[in-house]
There are 2 protein chains.
Amino acid sequence: MYVTSPLNYLNAEPVNPANLFAEAADTRSHISSADAGHTLFCEGDDADFVYEVLEGVVRTSKVLCDGRRQVLSFAYPGDIVGLSHDQFYHSDCDAVSAVKIRVYRKNAYNASYRDDPGLCDQFLRYATAEVSNMQDHFMMLGRKSAVEKVASFLLVLLDRVGEKRNCQTCFDLPMSRSDIADFLGLTIETISRTLTRLRKDNIIELPDPHRVCVCNINGLRALAESAD
Amino acid sequence: MYVTSPLNYLNAEPVNPANLFAEAADTRSHISSADAGHTLFCEGDDADFVYEVLEGVVRTSKVLCDGRRQVLSFAYPGDIVGLSHDQFYHSDCDAVSAVKIRVYRKNAYNASYRDDPGLCDQFLRYATAEVSNMQDHFMMLGRKSAVEKVASFLLVLLDRVGEKRNCQTCFDLPMSRSDIADFLGLTIETISRTLTRLRKDNIIELPDPHRVCVCNINGLRALAESAD
DNA sequence: CGTCTATTTGAGTTAGCTCAACCGTCGTGG
DNA sequence: CCACGACGGTTGAGCTAACTCAAATAGACG
């Protein structure tokens with residue numbers, strides 16, 4: 001039922017992020033590129049910019065002092081990262097793959113939506129949708145088994161970026177096993193074992209470690225909703 | 001470091017919810033009471049109302065088809081529940097104790113903030129702060145041990161509703177062990193065992209199952225940050 | 001070709017779960 | 001007034017899903 005677990009909690013369907021800043025794009029933003037591994041911002045930095053992913057994937061995460069990490073989201077093209085309720089970022093943000101991003105100055109942005117109730121309204125819907133998606137992820141982190149988590153994760157990617165070919169739907173998995181583990185609250189070994197299990201059960205194929213082809217989507221859905 | 005885990009993701013300090021609807025209060029809202037156990041709304045219901053808790057505690061939660069439940073938040077006085085990005089509620093909401101609530105008609109509310117950029121701005125800060133708090137809870141659900149979860153939970157309640165007396169700080173625990181378990185992604189037995197462990201270690205006292213007195217707050221903080 | 005890193009696989013351990021018993025409180029009804 | 005059942009909480013015993021530690025494998029890259 002609550003299979004949907006967001007890649008990024010900002011990817012609300014009712015809002016088209018490409019339009020969000022459309023009119024402001026020329027004057028108040030610029031487009032930038034970054035290689036995989038590049039850090040966009042760190043927790044505690046001044047939140048001067050808001051980023052819209054245009055190509056590639058970025059990751060937001062938090063780290064405990066002892067090194068434990070929680071990945072909060074994978075942001076795909078159309079997603080926005082770097083929003084904050086105060087002047088500081090509250091997570092780290094790094095490029096998972098080579099990325100192209102649009103960078104907005106936050107001041108300019110703030111100025112614009114104060115004068116624009118329509119934009120404000122859109123943004124509110126965006127934020128509340130993000131909250132709703134995060135709540136689904138709570139269920140995932142708090143109450144689902146390893147198989148359910150991995151299956152749910154693959155289903156979200158499939159819906160979001162899957163390319164249909166013949167009877168399979170395929171997509172890239174640009175993030176590492178470690179990223180997936182820290183997103184789902186598991187270990188890399190459990191991710192790896194679970195993926196192999198899905199492969200051996202003919203639910204998915206893994207042409208290489210960073211590419212997934214789903215051959216039995218109903219099987220995957222069944223696993224996502226209740227592990228056997 | 002990231003001990004803070006929100007009771008309710010709407011309890012952002014920078015916004016004073018009492019002021020949020022202040023001017024609209026007389027015409028667009030009314031005050032209502034409900035007994036413990038009363039359901040304010042269910043997932044999927046039309047989201048016609050927004051609720052502000054005035055007294056008591058309400059709980060928002062989601063349930064999987066097989067009965068597994070995740071408690072999303074405990075909303076204390078000053079907190080707001082029932083916000084939605086579309087026309088439906090996305091969680092269940094019930095009174096944990098006897099509550100007094102202010103009920104806002106959503107239509108009226110929507111109408112008001114479209115015309116009120118200041119309110120919209122406040123509300124945006126509120127929503128993004130909620131997101132930030134939820135991200136902390138992700139760390140809790142995904143990466144913390146049982147002891148760390150319980151200790152963190154108690155610390156949040158202590159900060160929020162603790163009454164200082166002598167060298168102790170005490171507060172009520174109006175929700176059931178089951179509620180706490182479903183909030184922290186644990187079982188009632190683990191909650192119970194962990195609380196008794198804290199009691200035996202002289203970190204807390206439990207005058208009765210629904211009342212906590214923290215006698216060693218530094219010990220509790222240490223446990224919240226890294227379990228031994 | 002050697003080194004480095006990411007992933008997979010194996011083996012043993014354990015934190016937290018399940019199942020079950022027990023206890024105390026409270027409300028109901030004889 | 002007491003007996004009784006229901007319910008929430010606690011405690012015990014054993015189990016298991018996921019973890020830890022360790023080793024093997026496979027690419028990527030100089």
Side-chain angles (χ1 to χ4, degrees), chain A residues 35-37 59 66-71 96-98 140-153 172-201 204-212 223 226-228, chain B residues 35-37 59 66-71 94 96-97 140-153 172-201 204-212 223 226-228:
Chain A
D35 293 333
R59 172 191 67 224
D66 64 3
R68 280 176 290 178
R69 187 180 67 149
Q70 178 68 45
V71 168
V96 165
S97 61
M140 178 117 124
L141 283 175
R143 285 287 171 237
K144 286 192 176 181
S145 70
V147 183
E148 292 172 304
K149 287 176 177 180
V150 171
S152 304
F153 177 67
D172 286 328
L173 219 52
M175 64 293 288
S176 68
R177 297 292 186 263
S178 170
D179 288 337
I180 301 173
D182 289 341
F183 183 60
L184 299 178
L186 298 169
T187 59
I188 50 173
E189 293 94 333
T190 300
I191 301 297
S192 185
R193 275 185 250 274
T194 306
L195 287 173
T196 350
R197 180 188 149 183
L198 295 181
R199 182 173 52 72
K200 286 184 177 164
D201 290 352
I204 61 171
E205 286 174 16
L206 295 166
D208 74 81
H210 291 282
R211 179 107 187 134
V212 177
L223 286 175
S226 67
D228 57 333
Chain B
D35 293 333
R59 172 191 68 222
D66 63 5
R68 278 175 291 178
R69 186 179 68 148
Q70 179 69 44
V71 169
D94 310 270
V96 164
S97 62
M140 177 117 125
L141 283 176
R143 286 286 170 238
K144 286 192 175 181
S145 70
V147 183
E148 291 172 303
K149 286 177 178 181
V150 172
S152 304
F153 177 67
D172 286 328
L173 219 52
M175 65 293 287
S176 68
R177 298 291 187 264
S178 170
D179 287 337
I180 301 173
D182 288 342
F183 183 59
L184 300 179
L186 298 168
T187 59
I188 49 174
E189 293 94 334
T190 300
I191 301 297
S192 186
R193 275 186 249 273
T194 306
L195 287 174
T196 29
R197 179 187 150 183
L198 294 181
R199 182 172 53 71
K200 287 184 177 165
D201 290 352
I204 61 171
E205 285 174 15
L206 294 166
D208 75 79
H210 292 281
R211 178 106 187 136
V212 178
L223 286 175
S226 67
D228 56 333

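Below, chains carry the letters A, B, ... as their sequence lines are ordered, and counting in each starts from 1. Hydrogens, waters and symmetry mates are skipped; everything else that's a heavy atom, side chains included, is used.
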| query | Checking A:T190 side chain against A:L186 main chain: does a donor-acceptor pair fall under 3.5 Å? | reply | no
| task | Check whether any side-chain N or O of B:Q70 sits under 3.5 Å from a backbone N or O of B:F183 as a donor-acceptor pair, and report yes or no. | result | yes
| Do A:L195 and A:I191 have side chains that get closer than 4.5 Å, going by heavy atoms? | yes
| query | Which parts of nucleotides 25-30 of chain D does protein reach within less than 4.0 Å, heavy atoms only, written one letter per nucleotide 5' to 3' as B for base, S for sugar-phosphate only and - for none? | reply | ------
| message | Distance check needed: D:dG8 C1' versus B:I180 CD1, whole Å only. | response | 12 Å
| message | Is any side-chain heavy atom of A:I188 closer than 4.5 Å to one of A:S192? | response | no
| Any residue meeting salt bridge (charged side-chain N to carboxylate O under 4.0 Å, His left out) with A:D179, in chain and number order, not counting sequence neighbours | A:R59, A:R69
| task | Before accepting this row, confirm whether a basic side-chain N of the pair A:R143/B:D182 lies closer than 4.0 Å to the acidic partner's carboxylate O. | result | yes
| CG of A:L186 versus P of D:dT20: gap in Å, rounded? | 11 Å
| request: Can you tell me the distance, in whole Å, between the CG atom of A:D179 and the C1' atom of C:dA6? | output: 12 Å
| request: Look only at the side chain of B:R177 and the backbone of B:P209, and say whether a donor-acceptor pair between them is shorter than 3.5 Å. | output: yes
Please enumerate all protein N or O atoms sitting under 3.5 Å from an N or O of nucleotides 8-12 of chain C, with distances to 0.1 Å.
from: C:dT8; atom 1: OP1; to: A:R177; atom 2: NH2; distance (Å): 3.1
from: C:dT8; atom 1: OP2; to: A:R177; atom 2: NE; distance (Å): 2.8
from: C:dT8; atom 1: OP2; to: A:S192; atom 2: OG; distance (Å): 2.8
from: C:dT8; atom 1: O5'; to: A:S192; atom 2: OG; distance (Å): 3.0
from: C:dT9; atom 1: OP2; to: A:T196; atom 2: OG1; distance (Å): 3.1
from: C:dG10; atom 1: N7; to: A:R193; atom 2: NH1; distance (Å): 2.8
from: C:dG10; atom 1: O6; to: A:R193; atom 2: NH2; distance (Å): 3.1
from: C:dA11; atom 1: N6; to: A:R193; atom 2: NH2; distance (Å): 3.4

| query | Between A:T187 and D:dC19, is there a side-chain N or O to OP1/OP2 distance below 4.0 Å? | reply | yes
| task | Please report, rounded to the nearest Å, how far the P atom of C:dG16 is from the NZ atom of B:K144. | result | 13 Å
| request: Could you pull out the closest heavy-atom pair between A:L184 and A:K149, with the gap in Å? | output: O-NZ, 2.9 Å
| query | For the pair made of CZ in B:R68 and C1' in C:dT18, what is the distance, rounded to whole Å? | reply | 15 Å
| Protein-nucleotide distance (A:H210, atom NE2; C:dT5, atom P), rounded to Å | 15 Å
